[in-house]
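One structure is given here, and the rest of the page talks about it.
Only a predicted model underlies this, so the values are computations on that prediction, with no experimental measurement involved. Numbered from 1 within each chain, the chains take letters A, B, ... in sequence-line order.
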Amino acid sequence: MTGFLRPTSLTEALAYLDKTRATVAAGCTDLFPATERRDLAGPILDVTAIEEMRGIMKGAVGWRIGGATTWSDVLAADLPPAFDMLKQAAREVGSVQIQTAGTVAGNLCNASPAADGVPNLLALDASVRLASSRGERVMPLTAFLRGPRQTALAPDEIMVSVEVPDAAARGISRFLKLGARRYLVISIAMVSVRIEVEQGRISSAYVAVGACSAVARRVPLLEAQLTGMAMGADVPGTVQAAHLEAVLSPIDDIRADAAYRGAAAAELVRRALSDLVITESRAA
Amino acid sequence: MNRALDTIPLRVNGQEAASLSSPTRRLSEVLREELRLRGTKVGCDAGDCGACTVLVDGAPVCACLTPVAQVAGRAVTTVEGLLDHPLQEAFLRHGAAQCGICTPGMLMSAVALLDHTPEPDRGEVEEALGGVLCRCTGYTKIIDAVMDVHGRGAPLSPVPGGAVGQPVRRLDGGPKVSGAESYGADHAPDGALLVRAVRAPAAPCGFTFGDLDAWAAAQDVMVFTASAIPGENRFGVIPSFADQPALAETHARFSGEAVALVAGDPALIEALDLDTFPVQWLDMPDGPVHAGRADDLLITGRVVRGNAASALAGSEHVITGHMQTPYVEHAYIEPEAGVAWMEGETLVIRACTQAPVMDRDDTAKILGLEPDLVRIIPAAAGGGFGSKLDLSLQPLIGLVTLKTGRPARMIYTRSESMASTTKRHPAVMTARAGIDKDGRLTGMVFDGDFNTGAYASWGPTVSGRVPVHASGPYLVPHYHAEARAVHSHQAISGAFRGFGVPQAAIMQETLFDGLAECAGMDRLAFRRLNALRDGDRTPCGQALQGVGIAACLDALRGPWEAALARAAAANEDHRKPLCHGVGVASCWYGCGNTALPNPSTIRVGITTEGRLCLHQGATDIGQGSNTVIAQICAGRAAGQGRADRAGYEPHTRLRQDVGFASDLCHGQGGVAGRAGAEGAYPGAEQYGAGGRDRDRKRCLDRD
């Protein structure tokens with residue numbers, strides 16, 4: 001152990017990071033499983049005591065999820081239905097124990113291809129705010145995630161928040177995850193779908209798939225196909241394998257083979273749409 | 001500011017404490033090793049098992065994933081802080097604590113739920129407990145207990161003389177729900193050395209050591225290799241096949257095999273980077289695993305009855321199938337752990353185990369000691385399921401203590417446990433079976449290769465038990481079954497619930513589904529038609545009495561038909577994405593040692609207070625033998641028995657050997673019953689070779 005800081009202010013945190021290039025730690029639910037050590041190899045910057053990084057707030061132009069916000073915080077927050085999918089994911093990240101400690105931003109920074117948070121935030125057109133002692137920058141999540149375990153985060157930067165614009169905080173949404181068991185499971189495939197409906201027709205559709213490519217992907221061909229459709233029983237049948245194949249590149253691994261992953265992802269999108277058709281009909 | 005030199009203020013179970021640990025030390029370590037609160041268990045150090053669940057300000061977290069600095073000034077609650085919570089009694093009432101290793105995590109997760117949802121529904125309980133793994137119960141009893149936390153059920157108290165058949169609060173349950181139970185990692189004598197193993201990164205893999213003395217001196221630790229072993233560096237559960245070294249001598253036969261030990265001050269040993277250990281790994285061609293075992297064949301088991309080939313040739317329908325099954329890890333939540341120390345001339349080893357007498361004999365042989373000079377004290381075992389029948393760390397900590405005279409402690413990491421201990425045998429199986437025009441089985445041929453990995457372990461048992469059982473509990477007039485235990489440079493396969501029989505059952509039962517279809521019969525009816533009856537002979541020629549399979553299948557008739565109807569109705573709605581199906585399968589399994597005597601000895605005495613006292617050496621790994629054997633003994637001691645009074649520590653100085661494995665409750669039950677019935681004289685000894693079936697259903701099968 002060589003160096004540890006758990007500051008209460010972001011300024012102090014950024015100065016320490018600038019000086020030490022410490023590992024940024026929050027829930028530690030990815031850092032500890034990566035080592036058999038009894039402690040974490042330092043230097044460590046623990047951001048969980050920085051008040052301004054905690055919680056979800058509605059601002060002038062959208063929603064801000066602080067960088068130290070846990071999955072349990074997401075579940076407890078009062079959010080519009082566009083975020084239902086994010087809450088549904090929050091319930092399925094690991095376990096209650098993991099949700100208590102693990103953070104949304106940590107899920108993004110860890111950049112697993114199977115990160116449960118990513119497809120939801122893609123379907124919410126999310127951006128990430130990165131801060132360093134040099135200043136701040138905001139970039140779309142699609143630009144931040146560069147590959148498996150690869151991000152645009154510089155060694156002196158902290159993800160201080162995840163931001164969802166008002167324009168995307170609309171409509172109804174659904175997250176579905178397929179795993180070998182119900183809890184404590186890494187996804188074989190997962191999908192997030194957000195639909196905006198105007199006068200009985202889909203005015204906008206956002207579909208994202210995770211665990212079927214190096215980084216979770218939106219499915220633009222399907223989104224275009226869905227847009228303009230009447231919101232009814234025909235919607236789920238619109239999903240074609242070709243829509244997904246255009247952007248996904250599932251792999252064979254211990255959890256599933258590529259063909260199964262692809263088929264499962266398409267089926268999950270159909271089921272998510274089917275659920276949203278029911279949700280919409282109840283609301284109407 | 002650098003906090004490393006400061007103390008961290010803690011509030012655990014309402015008590016103030018200060019930790020001197022590094023701020024990023026796992027909270028689980030601080031609780032267990034610094035505050036000595038060892039009710040919090042560590043199963044994986046990765047958030048995958050939830051055994052270490054504690055509450056921080058009322059919310060459940062994995063203590064193994066929590067840096068201690070994050071709980072500074074917050075309220076930490078562990079199982080020791082529950083203080084007679086009604087949930088603990090509910091766990092005992094429902095038999096929700098079996099081996100008990102997951103119990104603290106289950107209790108803490110459930111208490112967090114109950115604090116904000118006093119009367120949860122089943123789904124809420126499942127979600128709240130989803131982060132804690134249990135390998136004994138199948139969860140149902142645990143969920144039942146949480147939902148019945150406010151239950152007013154009468155405390156379980158068996159009536160004298162009628163203990164068998166009555167639900168009994170488990171005799172050793174109290175410590176399991178209070179957190180006081182002491183498992184392999186929970187006893188640490190002052191001044192104990194910590195031991196870690198250097199393990200081969202691949203196999204087959206040669207190795208040569210560099211300057212061990214210089215490295216050890218530089219690190220201020222001790223190093224032990226195979227050359228330090230004073231006895232015969234070879235062990236195995238079946239003596240005539242013993243082939244496994246405690247420490248590899250010239251090359252490793254499987255990835256993860258131990259080649260050296262480092263021991264020393266716990267802080268130094270913990271901080272060691274074993275990648276700096278002076279060993280050079282040498283690539284080796286993948287040749288025979290053991291010289292003298294041609295074609296890597298360990299042994300073949302064969303059972304032949306009649307002429308299967310001609311019977312199949314004359315059959316109305318014949319089906320052939322081919323199947324492979326993978327390695328399966330037992331995944332008991334407690335990784336192997338234990339501690340050794342000297343008491344005078346005697347080497348004492350306290351570790352988790354299923355087989356203390358086998359441990360004693362093999363450890364003594366390896367260390368060049370007379371068995372009388374080795375004493376095994378089984379710690380509470382946090383699950384075993386067969387894998388803790390084989391030696392693991394016993395000879396390793398025994399060697400360090402013998403060489404240094406100091407206590408030596410070792411706790412496997414989860415990955416070390418998975419890499420180095422036994423697994424279920426992967427199987428590659430082909431089988432054919434036929435029926436006549438009425439749907440009656442005519443004959444069956446079974447052929448299987450069972451990958452026994454680098455060492456023999458229980459491979460011979462698997463190759464023997466599989467052909468004995470591959471017919472399933474059905475009348476097969478003509479039969480030819482062979483199973484081979486075959487070596488590979490892979491993980492060792494050993495004992496796991498049924499010794500290969502479940503793998504064979506998957507093959508056989510799948511074939512029978514196909515035969516039922518050929519015969520145009522309902523799958524359950526097909527099995528009922530062919531099920532063994534009283535007086536029928538097994539493929540080995542044993543005429544059976546008291547056969548229960550037909551009654552089992554008959555009992556399923558109603559539920560089976562209802563399930564088929566439900567599935568058919570559900571499948572009519574084509575809009576629903578899920579398809580529904582119903583399956584049925586049987587399995588049978590002969591208890592005891594296949595083809596060998598399985599002696600059991602127990603003692604029942606009368607204390608000076610006039611109470612019956614049962615001494616029995618079965619190791620309770622969660623299957624309930626501590627309770628069930630006492631129950632059977634009490635039940636047979638007419639007019640006297642209460643199943644809640646017994647001694648149950650099976651260490652090798654005080655108790656007799658009773659064998660091992662799941663069926664020991666079964667075999668021992670017969671002994672306990674007779675000892676109880678025959679007057680309970682001190683020292684009354686019986687051998688349990690029969691009279692078992694009546695008691696069997698009281699036993700929870702856990703080998």
Side-chain angles (χ1 to χ4, degrees), chain A residues 1-7 12 16 20 22-23 25-49 70 72-73 76 91-102 176 181-186 233 236-237 254 267-268 270-271 274-275, chain B residues 1-4 6 21-30 33 44-50 52-70 72 105 108-109 112-113 126-133 266-267 270-271 273-274 413-416 575-578:
Chain A
M1 187 68 213
T2 51
F4 173 81
L5 186 72
R6 187 166 184 250
E12 194 186 350
Y16 183 75
T20 62
T23 302
C28 299
T29 58
D30 288 311
L31 291 177
F32 271 121
T35 180
E36 288 191 348
R37 291 170 57 106
R38 312 285 82 202
D39 60 6
L40 296 173
I44 296 286
L45 171 64
D46 183 330
V47 299
T48 57
T70 67
S72 296
D73 293 337
R91 299 184 95 91
E92 296 198 49
V93 175
S95 62
V96 177
Q97 289 85 335
I98 303 297
Q99 294 153 21
T100 306
L176 285 176
R181 66 196 298 274
R182 179 82 181 274
Y183 303 103
L184 283 175
V185 73
I186 294 173
I254 188 135
E267 180 59 25
L268 289 174
R270 287 187 199 102
R271 293 184 193 181
S274 177
D275 288 351
Chain B
M1 127 187 131
N2 188 326
R3 293 266 309 268
D6 298 340
S21 290
S22 144
T24 61
R25 194 163 181 82
R26 298 174 194 259
L27 175 59
S28 48
E29 290 296 312
V30 173
E33 302 301 327
C44 69
D45 268 336
D48 288 327
C49 78
C52 67
T53 300
V54 299
L55 306 185
V56 176
D57 289 341
V61 297
C62 290
C64 76
L65 301 183
T66 305
V68 61
Q70 284 190 358
M108 300 318 292
S109 303
L113 169 72
E126 288 177 1
E127 190 165 299
L129 301 185
V132 190
L133 300 183
E270 179 196 308
D273 178 0
L274 290 183
T413 63
R414 172 57 58 182
S415 55
E416 197 172 23
R575 288 168 304 168
K576 286 189 182 170
L578 293 178

Contact summary for B:Ala59 and A:Thr100, nearest pair of heavy atoms:
CB-CG2, 3.6 Å
Is B:Ala128 in contact with chain A via its backbone, its side chain, both, or neither, using a 4.5 Å heavy-atom distance?
backbone
How many angstroms lie between OG in B:Ser22 and CG in A:Leu40, if you round to the nearest 0.5 Å?
8.0 Å
Looking only at B:Leu129, B:Val56, B:Asp45, B:Leu113, most heavy-atom pairs under 4.5 Å shared with chain A are made by B:Asp45
Structural part of A:Ser72 lying under 4.5 Å from a heavy atom of chain B
neither
Please assess B:Val132 against A:Gln97 for the test side-chain contact (heavy atoms from CB on, under 4.5 Å), listing each intermediate value before the final yes or no.
CA-CA 9 Å; B:Val132 190; A:Gln97 289 85 335; 3.6 Å; yes
Would you say the side chain of B:Pro23 lies within less than 4.5 Å of the side chain of A:Arg6, judging by non-hydrogen atoms?
no
Could you give the distance from OG1 (B:Thr24) to CG (A:Asp46), rounded to the nearest 0.5 Å?
9.5 Å
Between B:Cys64 and chain A, with a heavy-atom cut-off of 4.5 Å, which part of the residue counts as in contact: side chain, backbone, both or neither?
backbone
So which part of A:Glu267 gets closer than 4.5 Å to some heavy atom of chain B, the side chain, the backbone, both or neither?
side chain
When the 4.5 angstrom heavy-atom criterion is applied to A:Thr29 and chain B, the contacting part is both
Would you compute the distance between atom CG of B:Leu133 and atom CZ of A:Arg181 and round it to the nearest 0.5 angstrom?
5.5 Å
Inter-residue atom distance A:Ile186.CD1 - B:Asp48.CG, 0.5 Å rounding
7.5 Å
Roughly how far apart are B:Thr66 OG1 and A:Phe32 CZ, rounded to 0.5 Å?
7.5 Å
Strictly below 4.0 Å, N to O, side chains only: are B:Glu270 and A:Arg38 in salt-bridge contact?
no
Less than 4.5 Å to any heavy atom of chain A: does that hold for the side chain of B:Glu126, its backbone, both, or neither?
both
All heavy atoms of A:Pro33 vs all of B:Leu65, minimum pair found to be CD-CD2, 3.7 Å
Applying a strict 4.5 Å limit to non-hydrogen atoms, the region of B:Ser28 in contact with chain A is neither
Select, from B:Ala46, B:Cys44, B:Ala112, B:Pro60, the one with the greatest count of heavy-atom pairs under 4.5 Å involving chain A.
B:Pro60
Is it the backbone or the side chain of B:Gln70 that comes under 4.5 Å from a heavy atom of chain A, or both, or neither?
both
So, for B:Gly130 and A:Tyr183, which heavy atoms are closest and what is the spacing to 0.1 Å?
O-CB, 3.3 Å
Looking at residues at least two apart in the chain, or sitting in another chain, which of them share a side chain to side chain contact (heavy atoms under 4.5 Å, CB included) with A:Arg91?
A:Leu75, B:Glu127
